[in-house]
Amino acid sequence: MRGLKLIERFKGTQVHALNPPDATVVNSTGSSSTSSKLSNHRVKFIGSKLKSNKACSGSGAKTLLPFGLPRTDLLEPPIEPHLKSIQLVETLSNLYRRFETCSESEKSLVCIEQYSVLSSLGDPKLLRRCLRAARQHAFDLHSKVVLSAWLRYERREDELDGVSPMDCSRFVLECPRAALVSGYDPNSIYDHCKCYQERSEFTQVSKGDEFLALEEDSDLCFRVGNEDINCIRFKIAALSTPFKAMLYGSFTESKSYRIDFSQNDISVEGMRGVDLYSRTRRVDSLSPEIVLELLSFANRFCCEDMKSACDIHLASLVSWVEDALDLIEYGLEERANALIASCLQVLLRELPSSLYNPKVLKIFCSFEARERLASAGHASFLLYYFLSQVAMEDSMVSNATVMLLERLRECATEKWQKALALHQLGCVLLERKEYVSAQCCFEAASEAGHVYSLAGMARCRYKQGQQYSAYRLTSSLISEYKAIGWMYQERSLYNIGKDKIADLETATELDPTLPFPYKYRAVSKAEEKQTRAAISEIDRIIGFKLVPDCLELRAWFLMAIEDYESALRDIRALLTLDPSYKMFNEQVRGDILIELLNYKVQLGSQADCWMQLYDRWSSVDDIGSLAVIHQMLVNDPGNSLLRFRQSLLLLRLNCQKAAMRCLRLAHNHSSSEHEKLVYEGWILYDIGHREEALARAEKSISIQRSFEAFFLKSYTLADSSLDPESSSYVIQLLQEALRCPSDGLRKGQALNNLGTIYVDCGKLDQAATCYMNALEIKHTRAHQGLARVYFLRNQRKAAYDEMSKLIEKAHNNASAYEKRSEYCDRETAKNDLNMATKLDPLRTYPYRYRAAVLMDDQKETEAVEELSKAIAFKPDLQMLHLRAAFYESMGDMKSALCDCEAALCLEPNHMDTLDLYNRARDRAISPQEM
């Protein structure tokens, strides 16, 4: 999925209905001319067939499913290209300890190791925090350049139109200029970049100053060809030790006025540049060609200061890929560190597009290219880790991806680095159907300590017809290590009959977030002609995890039962996540299929769509709302308000990258400056720049008072602990927002937020009024706020009934069951929380509540096990903190410290965990006080 991060792409693979496409020769970008022609032919075939039968409803399903339904024997989960620790909590704990105790120069690499471990969790904000920490602690130019480019790449979805790749949006950790300043600045993360300010070091020497410098008396002449260049002896001697020895030592030149330099590969202009530098110690008035000549001259005569000046000046000139490709060769030849770093920076900040340039690939991909970079100190594991991630996201089967991973393996020095490089190379070779080579890589990765690579080994054996060998290998995994969901999932591929189904059930029980077991069970039911049961099965995971290929699979089933309206809904939602998604074994573009399905459903007007959106938004049907907005955007693609609505829904569905893309499009399509500022503000807020977001909101209001600007400002201010004065100000802002024009959907949200602030201030009557007004305009979520008001008034039954109304109305109601549990007796609460967990296993409150109840009943082991069950597939901060507290109360300080360290690895500044950690550490040191 090119539009999303690598971690998003590999949450699942597209559904393969038939045999995989015929093998073709894959080019460097992973494309295939044969498959492209086949795709176009099939699309035309489907379209002509459907259009000729659009009046016939009886054969609709067969027409729309020319490739048939998916088959269980062709379904398989991907081997994920991440490090997957079988003891994740212990691994995170170890990383935290190492970060706290290692030297400053080692911290950056520890953060990158943390990034590699956490990649399998798929949390973009967590990964971005790791990269930011790595960049903050980076010392050398090379690491700074790579990490600043990586940070920019990770937020490419929210890049605005007209923004240069070299622009940093004033974020110092992404600033290309700041990256070219070596050394560690612990306060850099808090500073704004100075790109937009005049910098004295780039102020050129005036022509008058140069003239005065050249007017100084000369006592030395260098002859180049037929020209004499007058110089000052002591200033030339000061350039380097060799010049000092030549001009003041025992050489004949020390007594000569004229010295012939014609045989020293320097032009007349170049020698004049040497003279000018010796007098002014500057090169910024010289042409780039002359500075390059001076760089070579400085290397030959050991003029370190001159070399540094030339290096820094040339580095400041590199702005475009063409410049970088030209100058990097000079930099490598002359070992010009800053110039090489600057060239690399431009190439890296143009990713992924620069990977399509053969000249760029030549710099990075071959063994000889890596050797050249290494000789200049610019070939690192970090560089090739970044490049290979970008390449894998672009194409898992391209030759460039393979070569970059091979270079990554060569740069690996530590054990985890070797394991990662080998495992990822194995994943790519597996995709390329090079099973023998892939198996060797997986085996080497497992020997480096990465147990998950054994799953790759098993898959390679299976692909080579060794099914029993694969089964034995996965069975040994289960017997040797503590069981994890993916182990049973992998063994299910090599099992048969009831044992296969049992393995899949166990996989879901251990890790309910794995999509494959749901897909397999659903397709199995469809093969048994139980299509509605198949839909119910796939609904289980779609209800809490929006996986693209699961939406595709449900659309297949819906077309099979001729529910075209629902199928169209899923495909529209799918294309909102990934506009380039292809269906039917990647044979048909999603937009083509939508066009074909439009013949089967009655399409409403834009006004009808607004009514549908209102109804689906009110019923908390997020997927349905996404589908309606997608349909509306087909008719009005430049509507920035609709793009903004998309982003709100996607954030609610935890699809951050897609949400950022929609916000960017909203900004780019907006015709007014005040709207653009609001969308910029939301982007900044989401990536953690709260002050900048607030500034955008205020600037927007100064241009034009609008609902969205006031809402953004109030939301940003409310995102912190509010004192009474601040709360009053937020209330005023929301009231101002409600006075501005907007639709009922947004005003309902504002009323709901206003009610929440009133509740926090103890103004229950005003809060109740807000919630009731929100309910009048069908803002269904206001039931939850009103229930809280009833509860605070000691009307517990009314609160319970209010939440019951929300459960009845809401399409997605796991959170409503969770909230209703607060307003009933323990047994009923237990039932509600069990239902919440069934609907959404990723919600952590039910596990924490059940664990706390068990702890109150003095069932300590059961309480810990309840939390451990969830931590195994979701190492959540709150659950780790609670389990650490349980361990502390049980006197198990070692386990308490381990959980605290893992939690702090996820969030280093969590004060409650820091307090618990320090307390447990003190008790561990002084056990007699326990």
Side-chain angles (χ1 to χ4, degrees), residues 6-7 10 79-88 90-92 94-95 97-99 102 105-120 127 130-131 134 142-143 146-147 150 364-371 373-374 377-393 396 400-432 434-460 473 477 480-481 486:
L6 182 65
I7 57 171
F10 293 108
I79 300 295
E80 297 181 24
H82 311 298
L83 292 181
K84 289 174 74 78
S85 173
I86 58 171
Q87 294 180 314
L88 183 56
E90 290 78 2
T91 301
L92 295 177
N94 177 260
L95 281 169
R97 285 197 308 274
R98 283 171 50 204
F99 180 83
C102 70
S105 61
E106 296 174 312
K107 288 186 183 295
S108 184
L109 193 56
V110 173
C111 293
I112 292 301
E113 183 178 356
Q114 183 180 343
Y115 175 94
S116 70
V117 170
L118 293 174
S119 291
S120 62
L127 296 178
C130 293
L131 289 178
H142 176 78
S143 297
V146 175
L147 287 165
W150 200 338
F364 294 121
C365 286
S366 70
F367 174 79
E368 293 74 18
R370 186 193 70 80
E371 289 287 291
L373 289 171
H378 283 277
S380 66
F381 180 86
L382 180 64
L383 171 66
Y384 282 101
Y385 189 11
F386 177 34
L387 287 169
S388 60
Q389 298 306 101
V390 176
M392 286 199 307
E393 182 177 342
M396 280 289 283
T401 303
V402 174
M403 287 190 287
L404 288 170
L405 284 168
E406 286 174 343
R407 304 293 82 78
L408 179 69
R409 179 179 59 180
E410 292 162 2
C411 290
T413 55
E414 299 186 18
K415 199 173 181 181
W416 72 269
Q417 295 175 349
K418 294 175 182 178
L420 176 66
L422 289 162
H423 180 77
Q424 291 190 332
L425 184 56
C427 291
V428 167
L429 294 172
L430 179 62
E431 286 287 314
R432 287 165 61 99
E434 299 176 23
Y435 301 126
V436 175
S437 298
Q439 183 175 333
C440 291
C441 288
F442 285 129
E443 185 173 3
S446 68
E447 290 172 356
H450 190 226
V451 176
Y452 177 61
S453 293
L454 292 172
M457 273 187 66
R459 191 74 61 88
C460 291
L473 180 56
L477 267 175
E480 187 173 346
Y481 300 99
W486 62 259

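Quantities reported herein were computed from a predicted structural model and do not represent experimental measurements.
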Task: Ion pair check, R98 and E106, cut-off under 4.0 Å - done: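 Salt bridge absent between R98 and E106.
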- [ ] Verify whether one side chain among S446 and S453 offers a donor that lies under 3.5 Å from an acceptor in the other.
- [x] no
- [ ] Assess the side chains of H142 and S380: does a donor N or O sit below 3.5 Å from an acceptor N or O?
- [x] yes
Distance-minimising heavy-atom pair for [X] and [Y]:
X	Y	result
H423	A445	N-CB, 3.8 Å
L429	C441	CD1-SG, 3.8 Å
R370	A379	O-CB, 3.5 Å
V110	L95	CG1-O, 3.9 Å
H450	H82	CE1-O, 3.6 Å
E434	R432	OE2-NE, 2.9 Å

To the nearest 0.5 Å, how far apart are [atom1] in [X] and [atom2] in [Y]?
X	Y	atom1	atom2	value
L92	Q87	CG	CD	11.5 Å
K418	E447	NZ	CD	12.0 Å
C365	E406	SG	CD	10.0 Å
Q439	E443	CD	CD	6.5 Å
Y452	L83	OH	CG	11.0 Å
Q389	L404	CD	CG	10.5 Å

- [ ] Start with the C-alpha gap between L127 and S119, add the side-chain angles, then the distance that decides, and say whether side chain to side chain contact (heavy atoms under 4.5 Å, CB included) holds.
- [x] CA-CA 7 Å; L127 296 178; S119 291; 4.0 Å; yes
I want to check something: taking the side chain as every heavy atom from C-beta on, are [X] and [Y] in contact at a cut-off of under 4.5 Å?
X	Y	value
Y115	W150	yes
F364	L383	yes
L408	F386	no
S143	L382	yes

- [ ] For the pair I112 and L147, evaluate side chain to side chain contact (heavy atoms under 4.5 Å, CB included) and give the outcome as yes or no after the intermediate values.
- [x] CA-CA 10 Å; I112 292 301; L147 287 165; 3.7 Å; yes
TODO: Could you give me the CA-CA distance, side-chain angles and deciding distance for E113 and Q417, then say whether side-chain hydrogen bond (donor to acceptor under 3.5 Å, both in side chains) is met?
DONE: CA-CA 8 Å; E113 183 178 356; Q417 295 175 349; over 6 Å; no
TODO: Would you confirm whether Q424, through its side chain, and P81, through its main-chain N or O, come within 3.5 Å as a donor-acceptor pair?
DONE: yes
Open item on the list: Between K107 and F99 (side chain of the first, backbone of the second, donor and acceptor by atom type, cut-off under 3.5 Å), is there such a pair?
Closed with: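 The answer is yes, because a donor-acceptor pair under 3.5 Å joins these two groups.
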Open item on the list: Using the side chain to side chain donor-acceptor pair (under 3.5 Å) criterion, which residues pair with E414? Sequence neighbours excluded.
Closed with: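 Side chain to side chain donor-acceptor pair (under 3.5 Å) list for E414, sorted by chain: W416.
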TODO: Please step through side chain to side chain contact (heavy atoms under 4.5 Å, CB included) for the pair R409 and Y384, ending with a clear verdict.
DONE: CA-CA 9 Å; R409 179 179 59 180; Y384 282 101; over 6 Å; no
Open item on the list: Is the ring pair F381/Y385 parallel, tilted or perpendicular, if the boundaries are 30 and 60 degrees?
Closed with: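 Rings of F381 and Y385: tilted, as their planes differ by 30° to 60°.
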Open item on the list: Test side chain to side chain contact (heavy atoms under 4.5 Å, CB included) on E431 and I79; report intermediate values, then the result.
Closed with: CA-CA 9 Å; E431 286 287 314; I79 300 295; over 6 Å; no
